[in-house]
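One structure is given below, encoded as structure tokens.
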Protein chains: 2
Amino acid sequence: MFKQHPHAAAEIAELTFQLLADCQEKEERLAATLKIHVAEFRCIRAFRGDRSLPVKTLVERTTLSGSRLTRILSSLEKRGYLQRVIDTADRRSITVHLSKKGIDLAQRLEERYIQIHQEILNGIPKDAHATLISGLQNMLSSLRKWLSTSR
Amino acid sequence: MFKQHPHAAAEIAELTFQLLADCQEKEERLAATLKIHVAEFRCIRAFRGDRSLPVKTLVERTTLSGSRLTRILSSLEKRGYLQRVIDTADRRSITVHLSKKGIDLAQRLEERYIQIHQEILNGIPKDAHATLISGLQNMLSSLRKWLSTSR
DNA sequence: CACAATACTTGCTACTAACAATAATTAACA
DNA sequence: TGTTAATTATTGTTAGTAGCAAGTATTGTG
């Protein structure tokens, strides 16, 4: 398990390549069970604790393009997951309110999402959890640094 | 750093959610620098050491649909990265040969890909590398188990 | 030999992504 | 205050992508 890794970068490259593909599959599966698309899944999840958010914030959080988000929101609104309301303070801005149905979806989604990761963790020795988490945290911040520097 | 994680699953869920989004961005950036699309990137990378492979194997390795792969291969072939040759032993089967240009692309791609991960590793303490790698390995096998069992 | 199975391609249709153009509103400031 | 610039979100358009079903060619099987 803890053998030497003379080419750690190659190993990490390979692992993240595989993980990326499989994690995408994982999200598609989850989204499908909730009868939504992956982009909608991300959009709903972007709310986190919040019940309503301006479109602008959603664009930032999801890193979807504005026009893409507009259409995703239109679809979700048509299906009753949310309503869009013009902000009275700044009428250019639109606030998206999750409906009861939307909040319900968000909760089920989050539960399932965490449950999936619990199942994954169950396959990993308990004493390795903490180091895995800090490793992933390290990786995320490093990756973000790379993304921000390389143009 | 190594604080307690009472809700490890939630933490992992959050981290992988973020990592997935950023890793996708990373692959898009890399593909863009090589003037190919992400699906083409995966297709090229699926060759690994091999210089030529049957289409069937590529379908399996990339988990792209047959028709999708056909079109990706057509595009890459038109741009001179590969040739398709009918297998003489089984004329239903088509073997894809990377051209010199294609092998060159595959090499540059792999170099850059590893280099990126080296840069990411540089931002992580060296003594954490081995545990990160084994953690990711654990996660990948666990994830695959989950994917195979859940329907 | 007839029929099923395999390997890949093509046609079609719906979906997605991204850019530019537009509309509505607010900010900046001379 | 009036004009111009900036912001926020949407729509039009166009090109690209995904996926299914049908099609072609070939091989395997009883």
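A note on names: the letters A, B, ... follow the listed sequences, proteins ahead of strands, and every chain is numbered from 1. Below, all heavy atoms of this structure are taken into account, side chains as well, without hydrogens, waters or symmetry copies.
- At whole-Å resolution of the value, CD in B:E77 and P in C:dT10 are 11 Å apart.
- In this structure, the side-chain hydrogen bond (donor to acceptor under 3.5 Å, both in side chains) partners of A:R48, at least two apart in sequence or on a different chain, are B:E14.
- The nearest whole Å value for the distance from the CD atom in B:E40 to the P atom in D:dG16 is 11 Å.
- Under the salt bridge (Lys or Arg N to Asp or Glu O under 4.0 Å) criterion, B:R61 pairs with B:D50, sequence neighbours left out.
- In this structure, A:H37 does not reach the C:dC15 phosphate: none of its side-chain N or O atoms is under 4.0 Å from OP1 or OP2.
- Using a 4.0 Å cut-off on heavy atoms, the residues of residues 83-98 of chain B that approach DNA chain C are B:R84, B:R92, B:S93, B:I94, listed by number.
- The interatomic distance linking A:E28 (CD) with D:dT17 (C1') rounds to 13 Å, in whole Å.
- For the pair A:L64 CG and C:dC19 C1', the interatomic distance rounds to 16 Å; values are reported in whole Å.
- The two residues A:N138 and A:S141 come nearest to each other via the heavy atoms O-OG, 3.2 Å.
- Every residue meeting the salt bridge (Lys or Arg N to Asp or Glu O under 4.0 Å) condition with A:R84, not counting sequence neighbours, appears here in chain and number order: A:E77.
- Atom pair B:R71:CZ and C:dT9:P shows a separation of 10 Å (rounding to whole Å applied).
- Across the protein-nucleic acid pair, A:L73 atom CG and D:dT11 atom C1' stand 14 Å apart, rounded to whole Å.
- The salt bridge (Lys or Arg N to Asp or Glu O under 4.0 Å) check on A:E60 picks up A:K56, with sequence neighbours excluded.
- Atom P of nucleotide C:dC15 and atom CG of A:L76 are separated by 15 Å, given to the nearest angstrom.
- Pairs engaging residues 84-114 of chain A under the ring-ring contact (aromatic ring centres under 6.0 Å, His included) rule: A:F41-A:Y113, A:Y113-A:H117 [sequence neighbours left out].
- C:dC8 atom P lies 14 Å from atom CG of B:L82, rounded to whole Å.
- Judged by distance alone, with hydrogens and angles left aside, B:S67 brings a side-chain donor or acceptor within reach of the base of D:dC20, the pair sitting under 3.5 Å.
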